[in-house]
Amino acid sequence: MARRLFSATRALLRAVPSPSPSSSAAAAAAAASLLPLLPCKRRRKLRKKLSSPRVAPIEPEAARRVPELDAVLDREAAFRFLARARSFLASLPPPHRIPLAEAGKLYRELGFPRGRSVSRAAARHPLLFHLPRVDSVPHLALTPLMCSLLEEERRLHDQLLPTRVRAVRKLLMLADHRRIPLAKLHHCRAVLGLPDDFRDRVREFPGDFRVAVDPDGRDVLELGRWDPALAVSALERDFVVDERRVRRTFRFAVPHSRSMPLDAEDADRLDAATTFPLVSPYTSGALLRPWTPEAEKYRVGVVHEFLSLTLEKRALIHHIFEFKEELGLTRHMHASLRKQSRAFYLAGTEMNWAVFLRDAYGGDGDLREKDPLVLFNEKLRRYACMTKMDSSESIATAY
């Protein structure tokens, strides 16, 4: 009887269409809809898996989710192997290849799931990766097209280096004691749009940066000079253009009784007291008493300014908390950011979630203003989705 029930359940599962991989939240909802069809033991196992922080959405209310921004994280996960493998192979000396047996052990460095085949991950992007045999040993290597694209990316990084230096200077001006370990900047280089060799190139700007060694033996980057022209946040610039919109962006509610009689003038005064006061994040947060509304407003402003310095106006919470000590953040930032739903959008799972700047994205989930490096990454993804047949057809169409 149990065997017949199990076989019937498997048949039902095969009949139910599989959820689209474009949205992790949709996949979790589809999996939850199968709970009544499963036997008790499998039902308990699936329920436990769906409640895990690995798959539980950071935004529990489905009505507040934005599928277009959730899809941005799904796209990033789909191209994780492309992003990490190209960076790792580019750091190797020419001809930028590694034996396939060794590559299979570097699942973290290359960005493919543990226990999966690295050759299968490379086969998804045939125009960018190939598996040549060197002395009858298969290797993972970059194609000539990928090498030419990396050269184009290096030239683009050289052109954008003054802009990146300006962003790092502003980040140092946000930091406590105006210093940040170089290892942290290197770890978050993709988020900030920095080149892979930025740690070596900071010495080219002695007037802007100094490299020192802290008591823990770490190389730290210190601010060379304070520039008042850079100590202007993105909110303060927008405030000049549209004061009303900026004031509506943040709201810090003041609890009061419903029976409190408020006319229109009193309501406007209360609204002015609860909106964002535009305290510059470039002031010293150490002067504020912790756990006060002023300190919370300051920390929210610091996160907003940090996201405005990123390449795609978003960052994973792990990357934000990489600078926890320097920016004076606390472990209660999730509650503070979730209350500011007009300014931020939280996407992803409870274990790995991201913070978006809402104003930087349009209704279709696309960036309103794209950095040249963002445009290059989009072109790279288009090549990654092509097969060799698609490439030959596109070349024939061009001619």
Original post:
Considering only heavy atoms from C-beta outward, does the side chain of Leu82 approach that of Arg124 to under 4.5 Å?
Top reply: no

Original post:
Is it true that a side-chain atom of Lys170 and a backbone atom of Leu230 form a donor plus acceptor pair closer than 3.5 Å?
Top reply: yes

Original post:
Do NZ/NE/NH1/NH2 and the carboxylate oxygens of Glu102 and Arg97 come within less than 4.0 Å?
Top reply: no

Subject >> Partner of Leu171 by side-chain contact (heavy atoms from CB on, under 4.5 Å), out of Leu185, Leu223, Leu221 >> reply: Leu185

Subject >> Within 6.0 Å of NZ in Lys105, more than 12 heavy atoms from elsewhere >> reply: no

Original post:
Is Glu296 salt-bridged to Lys339, cutoff N-O under 4.0 Å?
Top reply: yes

Original post:
Distance only, no hydrogens: is a donor on one side chain within 3.5 Å (strictly under) of an acceptor on the other, for Tyr345 and Glu59?
Top reply: no

**OP:** Only pairs at least two apart or in different chains count here, so list each ring-ring contact (aromatic ring centres under 6.0 Å, His included) that has a residue in residues 133-185.
**Re:** none

Subject >> Side-chain donor or acceptor of Asn352 paired with backbone N/O of Gly348 under 3.5 Å >> reply: no

Original post:
Would a distance-only check, ignoring hydrogens and angles, find a side-chain to backbone donor-acceptor pair under 3.5 Å from Ser87 to Arg84?
Top reply: no

**OP:** Apply the test side chain to side chain contact (heavy atoms under 4.5 Å, CB included) to residues Arg164 and Leu192: give CA-CA distance (whole Å), side-chain angles for both, the deciding distance (0.1 Å), then the verdict.
**Re:** CA-CA 8 Å; Arg164 302 299 184 248; Leu192 299 170; over 6 Å; no

Original post:
Between the main-chain N or O of Gly328 and the side-chain N or O of Arg299, is there a donor-acceptor pair closer than 3.5 Å?
Top reply: no

Original post:
Is the backbone N or O of Ala234 less than 3.5 Å from a side-chain atom of Glu305, with the two atoms forming a donor-acceptor pair by type?
Top reply: yes

Original post:
Do Asp208 and Arg225 sit within salt-bridge range, that is, some charged N less than 4.0 Å from a carboxylate O?
Top reply: yes

Which pairs would a plain distance check flag for residues 127-138, meaning a side-chain donor or acceptor within less than 3.5 Å of a matching protein atom at least two apart in sequence or in another chain?
from: His130; atom 1: NE2; to: Leu142; atom 2: O; distance (Å): 3.3
from: Arg133; atom 1: NH1; to: Ser136; atom 2: O; distance (Å): 3.2

Subject >> For Arg154, all residues meeting salt bridge (Lys or Arg N to Asp or Glu O under 4.0 Å), sequence neighbours excluded >> reply: Glu151

**OP:** For the pair Arg114 (side chain) and Tyr107 (backbone), establish whether a donor and an acceptor sit closer than 3.5 Å, ignoring hydrogens and angles.
**Re:** no

**OP:** List for me each residue that meets salt bridge (Lys or Arg N to Asp or Glu O under 4.0 Å) alongside Glu153, sequence neighbours excluded, and say none if there are none.
**Re:** Arg86

Original post:
Near Arg203 CZ, under 6.0 Å, is it more than 12 heavy atoms from other residues, nucleotides or ligands?
Top reply: no

**OP:** Determine whether more than 12 heavy atoms belonging to other residues, nucleotides or ligands lie under 6.0 Å from atom NE2 of His186.
**Re:** yes

Subject >> Asp158 and Arg201 ion-paired at < 4.0 Å >> reply: yes

**OP:** List for me each residue that meets salt bridge (Lys or Arg N to Asp or Glu O under 4.0 Å) alongside Asp214, sequence neighbours excluded, and say none if there are none.
**Re:** Arg218

Original post:
Any side-chain heavy atom of Glu378 sitting closer than 4.5 Å to one from Asp366?
Top reply: yes

Subject >> Close aromatic pair by centroid cut-off 6.0 Å: Tyr361 and Phe356 >> reply: yes

Original post:
Within a reach of under 6.0 Å around CD of Glu325, are more than 12 heavy atoms found that belong to other residues, nucleotides or ligands?
Top reply: no

Original post:
Aromatic rings Phe81 and Phe112: how do their planes relate, parallel, tilted or perpendicular, breaks at 30° and 60°?
Top reply: perpendicular

Subject >> side chain to side chain contact (heavy atoms under 4.5 Å, CB included) between Arg179 and Val220, intermediate numbers included >> reply: CA-CA 6 Å; Arg179 53 165 53 188; Val220 296; 4.2 Å; yes

**OP:** Taking salt bridge (Lys or Arg N to Asp or Glu O under 4.0 Å) as the test, write out the residues that go with Lys324, two or more places apart.
**Re:** none

Subject >> Atom CD of Glu369: over 12 foreign heavy atoms under 6.0 Å >> reply: no

